[in-house]
Amino acid sequence: MDYKNTLNLPRTSFPMKANLPQRETMILTKWTNLYKKIQHEFSKKEIFILHDGPPYANGHIHMGHALNKVLKDIINKFNLIKGKRINYIPGWDCHGLPIEQQVEKNLKKENKRKEDIGKVLFRKMCREYAKKFVEIQKEEFIRIGILGDWENPYITMDPKYQAIEIKELGKFFKKNLIVKSKKPVYWCIYDKTAEAEAEVEYREKTDPSIYVKFPLKDEDNTFLVIWTTTPWTLPANLGVMVGEDYEYSFIKTGNGDVFIIARELLDSVKEKTGINGEIIKTVKGRDLVDLEYEHPFIDRTGIVYPSEFVTLTSGTGLVHMAPGHGIEDYTVGQRYGLEPFSPVDDEGRFTDEAPSFLRGINIFKANELIIEKLKEKNLLLFEEKITHSYPHCWRCKNPVIFRATPQWFIRMESEVNGKTLREKALEEIERVKWIPRYGKNRIKSMVEQRPDWCISRQRYWGVPVTVFYCEGCGTVIADEEVFEHIADIVENHPEGADIWFKAEPEELLPKGYVCPKCGGNKFKKEEDILDVWFDSGCSHAGVIRPLGVKKADLYLEGSDQHRGWFQASLLESVGSYGEAPYKAVLTHGFVVDEEGKKMSKSEGNVISPQEIINQYGADILRLWVVSEDYTEDIKIGQNIIKMIVEDYRKIRNTMRFMLSNLYDFDPSSQSVPYDEMFHFDKWILSRLGRVVNEVISGYENYKFHLVYHTMRNFASKDLSSIYFDVVKDRLYVYKPDSFERRSSQTALYNILLVTTVLLSPILSFTCEEVWEHIREIDKTLPESVFLANVEVKKLAPINEDIERDYGILLKLREHVMKVLEEARRQGFIKHPYEAKVFISGDGEITSVARKYEDYINFFLTVSQVDFEDGGNIFLKEEGLKIGVDRAEGKKCPRCWVYFKEEDFKGDVCTRCAEVLKEMGVHSN
RNA sequence: GGGCCUCUAGCUCAGCUGGUUAGAGCGUGCCCCUGAUAAGGGCAAGGUCGGUGGUUCGAGUCCACCGAGGCCCA
């Protein structure tokens with residue numbers, strides 16, 4: 001007789017092979033309305049808001065996006081498990097330079113320029129471009145299983161969003177947080193336009209290289225020596241910068257002149273200029289600070305300033321400073337109250353503010369005149385031509401210059417509720433929880449040091465700075481009512497803010513509006529648009545506050561956003577509402593390759609989420625996200641993916657084993673009450689309870705890699721290697737409805753439910769798939785694991801008494817395994833069932849093992865255990881001796897355990913014979 | 001060049017306020033099973049904690065410097 005048919009062998013339709021790429025798309029169909037359903041069913045619960053930072057709507061998603069969105073998804077889904085309601089509205093950032101550039105590039109192919117087609121048409125093209133990628137990315141995010149309100153995302157180019165942004169801007173103007181002042185930007189004097197940093201191209205250019213003497217005011221014949229390749233900026237010179245910690249030497253030459261030059265650069269300057277002399281003293285840069293000098297050819301003086309921007313790689317270590325013509329000069333200048341002086345007009349000609357010999361002259365042509373002037377004054381130390389890399393206009397290929405132009409700024413020192421914006425922002429930083437903790441220092445030092453926020457851009461694709469200028473008196477029109485009025489118009493216009501560029505000022509202003517200062521009724525529109533960081537910085541106002549909530553529970557982005565979105569959002573919110581828009585901010589690191597190097601096309605080490613999804617499935621991608629500590633760089637590569645795939649298999653098979661042994665189990669009628677359960681089943685539930693605690697604390701502390709390690713270890717150690725291995729005998733051999741089997745099935749069912757729920761935030765697809773199989777066991781369960789309301793802790797009671805005993809029994813088991821291995825090696829046995837184990841000694845292990853005398857052989861997966869000294873192969877230690885011999889008797893063909901002849905009834909063991917009898921099966 | 005951060009077995013991670021022979025899982029090797037089977041089980045070998053120098057009775061754990069890498073700034 002084939003006894004195999006009388007066993008309760010596992011049965012399941014849950015496939016071993018996941019085939020995720022295909023299966024996941026089916027599950028996605030099921031999830032189509034899931035978010036809505038959850039919102040509906042969980043509507044009474046406490047809300048948790050993770051506010052999405054908007055990715056830029058350009059290109060397909062990359063690993064960084066995937067990492068970010070999966071982390072968010074895990075947190076959202078964990079909150080569902082905790083019994084909260086979530087609100088997750090994904091967003092996109094749509095305006096700005098990269099899209100503008102891409103569209104311009106496309107235009108160029110048709111030999112067109114954006115100037116030729118006009119702002120409105122150009123903006124339309126940008127909008128279409130952004131829209132296309134919003135749709136693409138949306139599909140990609142949905143594909144990786146991100147749960148959210150994908151039907152109603154927030155999009156910064158939506159009229160509604162733009163309207164809110166304009167209102168926010170209005171608040172800033174109303175609170176006097178915005179000022180107009182000058183700042184140097186890249187400027188093309190041929191195209192007469194500002195250019196963004198990302199737009200200029202570096203090319204070789206030949207320029208004069210001159211060393212100039214700046215006479216000290218209070219010390220005769222003593223000169224600061226500066227070096228410059230832009231003599232034309234000398235008329236705008238307002239100071240000299242030095243490095244505070246550098247050493248500067250005073251060189252006295254033959255004719256009595258004293259030159260001040262950085263000591264480290266002395267040799268190179270001497271060599272270049274031919275000056276010679278002896279060092280009469282050397283001082284620190286900070287000792288030079290505040291020294292006053294006379295401008296070489298203009299009747300004014302300047303002083304020496306300390307600067308972190310001075311380097312000793314070239315020049316003299318003393319840097320000529322023109323705050324209107326250099327960004328570093330400007331930054332230092334701001335610090336000391338210097339204006340960004342720039343006596344140069346749109347077309348690159350000197351204005352009336354320049355000395356008379358230069359007025360009206362093109363700056364590049366003026367170089368020679370200035371050099372002549374310096375020679376005339378005997379202040380030119382040396383002159384030559386050099387060729388160096390210099391920024392050029394990307395369209396006309398001519399050199400660009402830095403030129404101070406009027407810009408709008410949010411002033412960090414403006415007052416908000418009695419404090420400066422900066423102080424208030426710093427105060428708010430203290431109130432926010434930063435994860436990891438050092439994130440706080442990072443953003444704090446950035447906010448402490450940051451310059452005023454320049455929010456204007458001289459570009460086409462963005463939200464306009466909706467202010468007017470009175471043509472009569474030049475007054476800036478920035479009344480709140482005007483902003484509200486324009487916001488209304490924008491919100492109700494199909495193309496939103498495009499109306500600003502289409503309509504006349506009269507159409508945009510409230511009817512009959514006159515200049516509050518001069519009563520004039522002719523106005524000019526501001527042409528500038530807003531910095532995209534202001535766009536996304538308003539998202540709390542556009543998304544969170546309309547829900548009636550003041551703060552998001554969490555913002556979660558890459559650590560680069562301490563400078564970007566976190567800061568923009570903080571400043572915008574503090575300026576507008578006096579507080580931070582978030583309670584907590586979590587940051588993650590960046591995706592790097594297996595060597596820890598950053599990914600780049602040229603290195604060829606880029607891996608895309610699409611590749612992983614198509615080859616292995618989104619759950620593999622999701623498992624990867626939690627496999628590493630994301631607060632630092634997170635590595636990915638083929639080897640790492642392989643490892644993740646292995647782990648996935650282990651977890652999947654563990655789930656499968658449980659399912660396959662529950663095919664005849666009805667939890668409502670066949671569960672064994674906890675108190676009556678078999679001790680080993682109580683033990684595994686207790687272990688599960690520990691796992692639940694660890695996993696929940698891992699989730700709560702955002703340490704998902706700990707969740708991963710805990711679950712993986714539980715699956716492979718506690719479950720596969722111990723519990724399943726031991727419990728198989730009870731599951732397979734006993735009568736289907738026996739206590740022995742039902743008790744273990746009760747445990748298995750609890751474990752399956754709990755692990756499925758606990759893993760669902762991570763392995764969302766697989767857990768949903770498992771869930772569908774669990775629902776065949778319990779038909780009362782809700783349709784999705786994400787709608788489940790499983791009280792995981794209740795299903796996994798911790799039992800310390802049992803844990804204590806089993807802690808000891810497990811030690812015994814480990815010892816026995818070693819002895820069995822030795823026996824196997826020596827050929828005594830092959831399968832553990834062929835063994836009889838002898839346990840003796842007066843230690844704790846022996847006494848606990850005796851307590852479980854009738855069961856201990858099953859726990860050790862051997863056929864027989866004797867509590868006496870014996871065995872051919874043995875292990876001995878303090879108070880314990882374990883021996884192994886061949887089991888006595890013969891193997892029962894049904895349960896495979898060895899029994900003595902007298903323990904057989906017919907050709908099966910008495911245990912099996914009894915089971916068969918109860919089952920009504922006749923054996924031989 | 002500056003600020004912040006990281007560096008423990010082949011891989012991913014533990015290792016609390018400094019204190020016995022540095023742990024886990026995976027992978028690897030060898031073996032077993034064939035009633036989880038393109039599965040399952042067992043045993044074993046692998047680190048002196050990026051490097052150097054300090055503080056200390058004692059350091060992976062504190063300090064300094066160096067190296068590799070990441071983010072931001074320049």
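Convention: sequence-line order gives letters A, B, ...; per-chain numbering from 1.
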K.L.:
Hey, is the side chain of A/Lys717 poking within less than 4.0 Å of OP1 or OP2 on B/G25, counting only N and O atoms?
P.N.:
yes

K.L.:
Using the C1' atom as the reference point in each nucleotide, state the distance between B/G15 and B/G54 in Å, no decimals.
P.N.:
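Per the computed distance, 24 Å lies between those C1' atoms.
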
K.L.:
In terms of relative ring orientation, are A/His709 and A/His705 parallel, tilted or perpendicular, with 30° and 60° separating the classes?
P.N.:
perpendicular

K.L.:
Any N or O donor-acceptor pair under 3.5 Å from the base of B/C71 to the side chain of A/Arg442?
P.N.:
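Checked by distance alone, the answer is yes.
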
K.L.:
Considering only side-chain heavy atoms of A/Lys597, which listed nucleotide, B/G3, B/C26, B/G70, is closest?
P.N.:
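Looking only at heavy atoms from C-beta outward on A/Lys597, the closest nucleotide is B/G70.
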
K.L.:
So what does A/Glu595 touch, heavy atoms closer than 4.0 Å: a base, only the sugar-phosphate, or nothing?
P.N.:
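Nothing, no nucleic acid heavy atom in range.
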
K.L.:
If you assign each of A/His705 and A/Arg712 to its closest nucleotide in RNA chain B, which residue comes earlier from the 5' end?
P.N.:
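Of the two residues, A/His705 wins.
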
K.L.:
Using a cut-off of 4.0 Å on non-hydrogen atoms, how would the nucleic acid contact of A/Asn713 be classed: base, sugar-phosphate, or nothing?
P.N.:
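Answer is sugar-phosphate: A/Asn713 comes under 4.0 Å of backbone atoms only.
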
K.L.:
Pick out the pairs of N or O atoms, protein on one side and nucleotides 35-38 of chain B on the other, that lie under 3.5 Å.
P.N.:
residue	atom	partner	partner atom	Å
B/G35	OP2	A/Lys4	NZ	3.4
B/G35	O6	A/Pro893	O	3.3
B/G35	O6	A/Arg894	O	3.3
B/G35	O6	A/Trp896	NE1	2.9
B/G35	N1	A/Arg894	O	2.7
B/A36	OP2	A/Lys728	NZ	3.4
B/A36	OP2	A/Tyr732	OH	2.8
B/A36	N7	A/Lys728	NZ	3.3
B/A36	N6	A/Ser720	OG	3.4
B/U37	OP1	A/Arg656	NH1	2.4

K.L.:
Pick one: which of A/Arg886, A/Arg824, A/Lys891, A/Lys890 meets salt bridge (charged side-chain N to carboxylate O under 4.0 Å, His left out) with A/Glu834?
P.N.:
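Of the listed options, the one satisfying the test is A/Arg886.
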
K.L.:
Under 3.5 Å for both donor-acceptor distances, Watson-Crick or wobble: does B/C16 have a partner, and if so which one?
P.N.:
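With both distances under 3.5 Å required, B/C16 matches none.
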
K.L.:
Could you go through nucleotides 15-18 of chain B and list every protein N or O atom that sits under 3.5 Å from one of its N or O atoms, giving the distance for each pair?
P.N.:
none

K.L.:
For A/Arg813 and B/G41, give me the distance from atom CZ to atom P, rounded to whole Å.
P.N.:
10 Å

